[in-house]
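Okay, structure first, notes after.
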Amino acid sequence: MLALTFDDGPDTEFTPSVLDILQRYGISATFFCLGVQVAANWSVAKRIVVAGHQIANHTWSHPHASDVTVSELLREVENTTDTIEEATGERPRWFRPPYGELGAEQGRAIADAGYEVVLWTVDSLDWSGITGPQIVANVVPALENGAILLHHSAGNVAGTVDALPYLIEVCLRLGYRFVRLDEAM
């Protein structure tokens, strides 16, 4: 099993292409969405859920944990959850902190608010604008059963759209199947 995850969307430039590729292969994924992006792209957020993917919380504005107080982080998370629910009808329970940063007190507050924190085990580094072949080279050697693959569906991620079909085909040939986080955990 592999859990394919995408951060920072939805947008109208790359997220629809990612969704098209996933649909072509019959793959389910989890999308950690920014509230500001959901507010600007309701129809794409709705498409994520209608297509059978899991939608999750990635804060409102992608702050560094060290730059916000516990109450500010909770406000970011709750505003995002409310916006996701309003746009899609789904209330996310999964949370991924931006940059994977979360202080101990922040982590306790997030858990107390009912969220499950999920990071990743394989980082594609696609956010850096690297090419599709570079993304594949970052991911394939690190594959293992139960891996959580980190990709992005918004930002400087043309390489992700380029790499995704090949990456999926390689993983399928290696005997992996893709699952949403709620299926993996």
Of all heavy-atom pairs linking Y115 and T81, the shortest is OH-OG1, 2.7 Å
Heavy-atom distance under 4.5 Å between the side chains of M1 and N145, does that happen here?
-> yes
Rounded to the nearest 0.5 Å, what separation is found between the CG atom of L19 and the CD1 atom of I27?
-> 13.0 Å
Indicate the atoms forming the closest heavy-atom contact of T83 with A39, along with that distance.
-> CG2-N, 3.9 Å
Would you mind reporting whether P16 and D11 have side-chain heavy atoms less than 4.5 Å apart?
-> yes
Let me check something: any side-chain donor-acceptor pairs from residues 162-179 under 3.5 Å, sequence neighbours excluded? List them with distances.
| residue | atom | partner | partner atom | Å |
| --- | --- | --- | --- | --- |
| E169 | OE1 | R173 | NH2 | 3.4 |
| E169 | OE2 | Y25 | OH | 2.4 |

Determine whether more than 12 heavy atoms belonging to other residues, nucleotides or ligands lie under 6.0 Å from atom CD of E85.
-> yes
Are the side chains of V161 and I21 in touch, meaning some heavy atoms are under 4.5 Å apart?
-> yes
Can L74 be reached from I84 by stepping across I, L, V, M, F, W or Y side chains whose heavy atoms are under 4.5 Å apart?
-> no
Should I55 and V36 be counted in the same cluster of Ile, Leu, Val, Met, Phe, Trp and Tyr side chains packed under 4.5 Å apart?
-> no
Do F31 and V139 belong together in a cluster built from hydrophobic side chains that touch within less than 4.5 Å?
-> yes
pair P10-S153: side-chain heavy atoms closer than 4.5 Å | no
Distance from I148 atom CD1 to D123 atom CG, nearest 0.5 Å?
-> 12.5 Å
Please check if any side-chain donor atom of E76 sits under 3.5 Å from a side-chain acceptor atom of S61, or the reverse.
-> yes
Going hydrophobic residue to hydrophobic residue with side-chain gaps under 4.5 angstrom, can you get from L22 over to F14?
-> yes
Does the T80 side chain pair with the main chain of L34, one donor and one acceptor, at a distance under 3.5 Å?
-> no
Keeping the roles fixed (side chain from H53, backbone from A29), state whether a donor-acceptor pair exists under 3.5 Å.
-> yes
Approximate separation, where rounding is to 0.5 Å, of Q54 CD and L181 CG | 5.5 Å
Can you tell if the side chain of V122 reaches within under 4.5 Å of the side chain of L143, non-hydrogen atoms only?
-> no
Taken to the nearest 0.5 Å, the spacing of T12 OG1 from Q37 CD works out to 8.5 Å
What is the minimum heavy-atom distance between S124 and I135, and which atoms define it?
-> CB-CG2, 3.9 Å
4.5 Å side-chain heavy-atom contact, N79 and R75 = yes
Any side-chain heavy-atom pair from L4 and R180 closer than 4.5 angstrom?
-> no
To the nearest 0.5 Å, tell me how far L149 CG sits from N138 CG.
-> 11.5 Å
CZ of F6 to CG of D126, rounded to nearest 0.5 Å, is 8.5 Å
Has the side chain of T131 got a donor or acceptor atom that lies under 3.5 Å from a matching backbone atom of G159?
-> no
Does CH2 belonging to W42 count more than 12 external heavy atoms closer than 6.0 Å?
-> yes
For residues 92-111, tabulate all N or O donor-acceptor pairs below 3.5 Å that involve a side-chain atom, not counting sequence neighbours.
| residue | atom | partner | partner atom | Å |
| --- | --- | --- | --- | --- |
| R93 | NH2 | E116 | OE1 | 3.3 |
| R96 | NE | V118 | O | 3.3 |
| R96 | NE | L119 | O | 3.4 |
| R96 | NH1 | T5 | OG1 | 3.0 |
| R96 | NH1 | D7 | OD1 | 2.7 |
| R96 | NH2 | T5 | OG1 | 3.2 |
| R96 | NH2 | L119 | O | 2.6 |
| Y99 | OH | H62 | ND1 | 3.3 |
| E101 | OE1 | H64 | ND1 | 3.0 |
| E101 | OE1 | A65 | N | 3.2 |
| E101 | OE2 | H64 | ND1 | 3.1 |
| Q106 | OE1 | G103 | N | 2.9 |
| Q106 | NE2 | A65 | O | 3.0 |
| Q106 | NE2 | V68 | O | 3.2 |

Under a single-linkage definition using a 4.5 Å side-chain heavy-atom cutoff for Ile, Leu, Val, Met, Phe, Trp and Tyr, are F32 and L150 assigned to the same hydrophobic cluster?
-> yes
Please report the C-alpha distance between Q134 and L125 in whole Å, then the side-chain angles of each, then the deciding distance to 0.1 Å, and finally whether the side-chain contact (heavy atoms from CB on, under 4.5 Å) criterion is met.
-> CA-CA 9 Å; Q134 290 170 312; L125 300 175; over 6 Å; no
Search all heavy atoms of A113 against all heavy atoms of E78 and return the closest pair with its distance.
-> CB-OE2, 4.2 Å
